[in-house]
Amino acid sequence: MGNVFVLDHPLIQHKLTHIRDVETGTKEFRELVDEVAGLMAFEITRDLPLEEVTIQTPVSEATMKVIAGKKLGLVPILRAGLGMVDGILKLIPAAKVGHVGLYRDPETLLPVEYYVKLPSDVEERDFIVIDPMLATGGSAAAAIMSLKNRGAKNIKLMCLVAAPEGIDLIHRDHPEVDIYLAALDEKLNDHGYIVPGLGDAGDRLFGTK
Ligand SMILES: O=P(O)(O)OC[C@H]1O[C@H](OP(=O)(O)OP(=O)(O)O)[C@H](O)[C@@H]1O
Ligand SMILES: O=c1cc[nH]c(=O)[nH]1
Ligand SMILES: [Mg+2]
């Protein structure tokens with residue numbers, strides 16, 4: 001079964017509290033999501049392989065380590081996943097970015113796919129699927145399936161806030177996928193919103209409500 005990592009570094013917890021606060025406006029919300037995504041990327045990339053290179057310092061020759069040309073792909077789920085991309089790209093600027101467009105039908109809570117564009121070398125890349133919210137898990141599970149159907153083999157999932165229901169669905173449908181979170185919340189409400197959560201991530205990021 002895939003692991004669930006809750007990245008509860010004090011900086012992440014502090015910023016996430018402000019993200020959750022209903023008084024936090026669009027500009028600050030966007031900046032904080034960007035910052036937390038960068039802090040989380042630090043931990044998610046912990047297993048990147050290194051290789052040795054020989055360099056010359058001002059003092060001597062030395063054998064040191066650099067990241068060994070791993071092919072990474074970030075896949076934000078539109079729209080809200082977009083808010084986390086730049087914060088990660090600041091740390092991993094060479095990553096390619098694919099997009100999966102999904103919205104959750106407000107009545108059925110089921111995901112509806114409207115767009116997919118991935119890097120051409122899907123089979124050779126390790127992917128991180130990104131969405132701030134893992135609620136019922138339907139959107140993330142569908143995005144992961146979309147990647148697998150196109151040949152992706154190694155996939156991680158990165159979210160800010162999850163409900164237990166979402167974790168269960170990913171474990172059921174994609175048991176090998178590791179999940180990285182900033183917080184695991186209590187439950188879903190009757191409308192499928194995470195409690196306490198942070199509200200509608202897309203609307204808060206883009207100011208559409
Ligand atoms: O786990 P689930 O129950 O599927 O819910 C989570 C999804 O809901 C939100 O997207 P939304 O449908 O609001 O689209 P948006 O990002 O365009 O606002 C959120 O960004 C996730 O993609
Ligand atoms: O709490 C939730 C659940 C789904 N989508 C969101 O944006 N927020
Ligand atoms: Mg939304």
Side-chain angles (χ1 to χ4, degrees), residues 2 4 6 15-30 32-34 36-37 40 73-88 97-118 127-149 155-175 177-209:
V4 178
V6 181
K15 290 175 192 294
L16 184 59
T17 297
H18 289 294
I19 289 172
R20 290 179 187 277
D21 191 334
V22 70
E23 300 296 333
T24 299
T26 298
K27 174 177 179 287
E28 203 187 347
F29 187 92
R30 208 179 275 149
L32 287 164
V33 168
D34 180 74
V36 170
M40 292 181 74
L74 309 180
V75 181
I77 301 178
L78 307 180
R79 291 174 299 166
L82 289 174
M84 297 174 72
V85 172
D86 286 351
I88 305 171
V97 182
H99 296 85
V100 175
L102 291 170
Y103 69 87
R104 195 175 72 156
D105 183 293
E107 300 298 326
T108 64
L109 300 185
L110 293 174
V112 181
E113 187 176 282
Y114 58 86
Y115 185 75
V116 180
K117 180 77 181 174
L118 300 178
F127 286 96
I128 306 175
V129 171
I130 303 163
D131 195 316
M133 311 308 282
L134 184 67
T136 66
S139 302
I144 292 168
M145 187 53 77
S146 210
L147 261 69
K148 285 184 176 176
N149 287 341
I155 301 170
K156 293 177 178 174
L157 175 62
M158 174 182 184
C159 305
L160 287 188
V161 180
E165 293 88 334
I167 304 272
D168 290 347
L169 189 75
I170 299 299
H171 279 167
R172 192 196 76 190
D173 288 3
H174 305 290
V177 168
D178 286 340
I179 304 171
Y180 294 79
L181 307 171
L184 177 55
D185 278 10
E186 196 187 321
K187 61 178 182 184
L188 296 178
N189 69 14
D190 292 343
H191 305 287
Y193 277 83
I194 300 175
V195 181
L198 53 78
D200 189 303
D203 284 338
R204 293 195 66 190
L205 265 172
F206 297 109
T208 44
K209 221 167 215 166

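Whatever order the structure lists them in is the order used to number ligands and atoms, beginning at 1. From a predicted model like this one, the values you see are computed outputs, not experimental measurements.
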- prompt: Is ligand 2 less than 4.0 angstrom away from at least one heavy atom of S139?
  reply: no
message: How long is the straight-line distance from CG of L147 back to CG of L118, given to the nearest 0.5 Å?
response: 5.0 Å
- prompt: Quick one: CZ on R172 to CD1 on I167, what's the gap to the nearest 0.5 Å?
  reply: 14.5 Å
field: Atoms in ligand 1 flagged as close to G202, the criterion being non-hydrogen separation under 4.0 Å
entry: 18 (O)
- request: Heavy-atom distances under 4.0 Å are what count here, so tell me which part of L109 touches ligand 1: side chain, backbone, both or neither.
  value: neither
query: Are any of the heavy atoms in G197 under 4.0 Å away from ligand 2?
result: no
- prompt: Minimum heavy-atom separation for L32 to H18, with atom names?
  reply: CD1-CB, 3.6 Å
- prompt: Which option out of A80, A135, P76 puts a heavy atom nearest to atom 16 (O) of ligand 1?
  reply: A80
query: Are side-chain N/O atoms of T136 and R104 paired as donor and acceptor at under 3.5 Å?
result: no
- prompt: By number and element, which atoms of ligand 2 are closer than 4.0 Å to a non-hydrogen atom of A135?
  reply: 3 (C), 4 (C)
query: What do you reckon, does R79 have a nitrogen or oxygen under 3.5 Å from a nitrogen or oxygen of ligand 1?
result: yes
task: Going by heavy-atom distance to atom 2 (P) of ligand 1, choose the closest among L82, L78, T136.
output: T136
- prompt: Does any N/O atom on M133 come nearer than 3.5 Å to any N/O atom on ligand 2?
  reply: no
message: So which atom in G83 and which in L205 form the shortest heavy-atom distance, rounded to 0.1 Å?
response: CA-CD1, 3.9 Å
SB check D173 K148 (cutoff 4.0 Å): no
- request: Could you list which atoms of ligand 2 come closer than 4.0 Å to a heavy atom of I194?
  value: 1 (O), 2 (C)
task: Provide the number and element of each atom of ligand 1 under 4.0 Å from a heavy atom of D131.
output: 19 (C), 20 (O), 21 (C), 22 (O)
task: Determine, using heavy atoms of R204 and all atoms of ligand 2, whether some pair is separated by less than 4.0 Å.
output: no
- request: With atom 1 (O) of ligand 1 as the reference point, say which of G101, G137, A141, G81 has the nearest heavy atom.
  value: G137
